[in-house]
Amino acid sequence: MPEGHSIHRLARQFSSVFAGSRLAVTSPQGRFSSGAARLDGQVLEGAEAHGKQLFLRFDNDLYLRIHLGLYGAFDFGGDETFAGASSIGAPRRVGEREIAGDGAAEDTAYAGPPPPRGAVRVRLVSDHGWADLRGPTACEVITEPERAAVLARLGPDPLAANAAEGDGGREFSERLRSKGSPVGLLLMNQEVLAGVGNVYRAEVLFRRRISPWRLGRDISEAEAAEVWAETVTLMNDGVRQGRIITTEPQDREDAGEPVPVSEAHYVYKRTGLPCRRCGTAVAGTEMGARKLYWCPTCQAR
DNA sequence: GTTCCATGCCAAA
DNA sequence: TTGGCCTGGAACA
């Protein structure tokens with residue numbers, strides 16, 4: 001997936017283009033027809049993200065809960081009032097960057113959504129635009145108590161509005177340091193930290209020079225605070241930029257040649273390549289059924 | 001054309 | 001721990 005930054009951008013996009021609008025909700029693919037019927041014709045009151053969960057709130061007190069999983073993505077389109085990216089989600093299109101609107105809407109009047117392309121699980125349509133969702137892991141209608149239950153299971157979100165000053169850092173530290181499993185595993189555990197995925201996991205640990213093999217209970221409070229602060233910074237950058245950027249400008253070159261920001265990671269997907277800081281070959285293995293990358297020298301402890 | 005792979009996660013074994 | 005879900009771009013033939 002799309003890590004947390006993409007979901008927060010989705011929430012922002014839904015708020016700006018759909019909030020306050022009455023929506024036609026359908027499931028062209030058919031797999032979500034009964035759920036869509038419960039929301040069809042309701043007004044979207046707002047959108048919010050927590051970690052990788054997206055909640056769309058409707059005025060009949062129901063929520064649409066969406067989790068993109070590994071493949072899910074939204075496509076958007078509409079008239080000139082319909083600002084923002086035209087596609088947010090699974091990063092396979094154009095590296096890991098979402099597709100920006102092409103601005104082609106100006107010369108042709110908006111004539112409603114196009115015929116659905118492929119398996120569209122949900123289509124949301126207002127007077128000004130549309131959104132298509134395909135390939136999500138989760139897409140369901142839930143009530144407020146059910147939403148509260150989902151949130152209760154999640155750890156603190158580094159993209160929460162008050163993440164820098166609030167008690168998210170303390171809560172993260174407590175959850176991390178109470179566990180005996182490797183920190184590389186814990187950063188991916190949504191009950192410990194909500195929103196971090198494989199890229200941020202690898203890159204944050206590199207930047208804090210922490211070995212992914214150290215156990216949560218062996219991480220000091222100071223280190224946990226640093227990891228939290230680093231995550232807050234990097235992921236907020238991700239929200240602003242619409243892509244994951246983890247390297248400092250001076251580290252974005254290979255053999256003197258500049259590397260596109262989207263490919264310039266420190267260790268992610270760089271097994272066998274030289275560490276951008278020390279030149280040691282980046283190590284790679286599996287941890288928790290996901291690829292793990294780290295520099296054995298920079299992250300020796 | 002086919003196979004592989006991915007920024008997730010869950011249920012079943 | 002493993003397989004399955006589900007989509008599409010990239011890599012290979």
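Naming: A, B, ... by sequence-line order, numbering from 1 per chain.
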Rounded distance in Å - CE (A/M287) to C1' (C/dT1): 15 Å
Residues within residues 171-179 of chain A bordering DNA chain B, heavy-atom distance below 4.0 Å: none
Separation of atom CZ in A/R290 from atom C1' in C/dT2, rounded to whole Å: 15 Å
Spacing of the P atoms in B/dC10 and C/dG8 (rounded, Å): 23 Å
side-chain contact (heavy atoms from CB on, under 4.5 Å) against A/A19, all qualifying residues, sequence neighbours excluded: none
Nearest-Å distance for atom pair CD/C1', residues A/E286 and C/dT1: 12 Å
Upstream residue (5' side of DNA chain B) when A/R153 and A/K269 are each assigned their closest nucleotide: A/K269
Pairs flagged by side chain to side chain donor-acceptor pair (under 3.5 Å) wherever residues 9-28 of chain A is involved - sequence neighbours left out: A/R9-A/E98
A/E223 and its salt bridge (charged side-chain N to carboxylate O under 4.0 Å, His left out) partner, picked from A/R214, A/R177, A/R208, A/R209: A/R214
Residues that A/Y268 engages under ring-ring contact (aromatic ring centres under 6.0 Å, His included), provided they are two or more places apart: A/H265, A/Y293
Out of B/dG8, B/dA6, C/dC5, whichever nucleotide has its closest atom nearest the side chain of A/H67: B/dG8
Euclidean distance, atom CG of residue A/L70 to atom P of C/dG9 [Å, nearest integer]: 14 Å
Whole-Å gap separating C1' (B/dC10) and CZ (A/R65): 11 Å
Contacts of type ring-ring contact (aromatic ring centres under 6.0 Å, His included), residue A/F206, not counting sequence neighbours: A/Y266
Whole angstrom value for the distance that separates C1' of B/dG8 from CG of A/L54: 15 Å
Integer angstrom distance from the P of B/dC9 to that of C/dG9: 22 Å
Value in whole Å for how far the P atom of B/dC4 lies from NZ of A/K291: 13 Å
Nucleotide C/dC5, atom C1' - distance to CG of A/L68 in whole Å: 14 Å
Candidate nucleotides B/dA6, B/dC9, C/dT7, ranked by approach to the side chain of A/Q190 - the nearest: B/dC9
Closest to side chain of A/K52, choosing from B/dC9, C/dC5, B/dA6: B/dC9
Touch class at under 4.0 angstrom, heavy-atom based, for A/A119 against every strand present: sugar-phosphate
Ring centres under 6.0 angstrom apart (A/F55, A/H50): no
Salt bridge (Lys or Arg N to Asp or Glu O under 4.0 Å) contacts touching residues 142-154 of chain A (sequence neighbours left out): A/E48-A/R147, A/E144-A/R147
Nucleotide of C/dT7, C/dT2, B/dA6 approaching A/Q29 most closely (side-chain heavy atoms): C/dT7
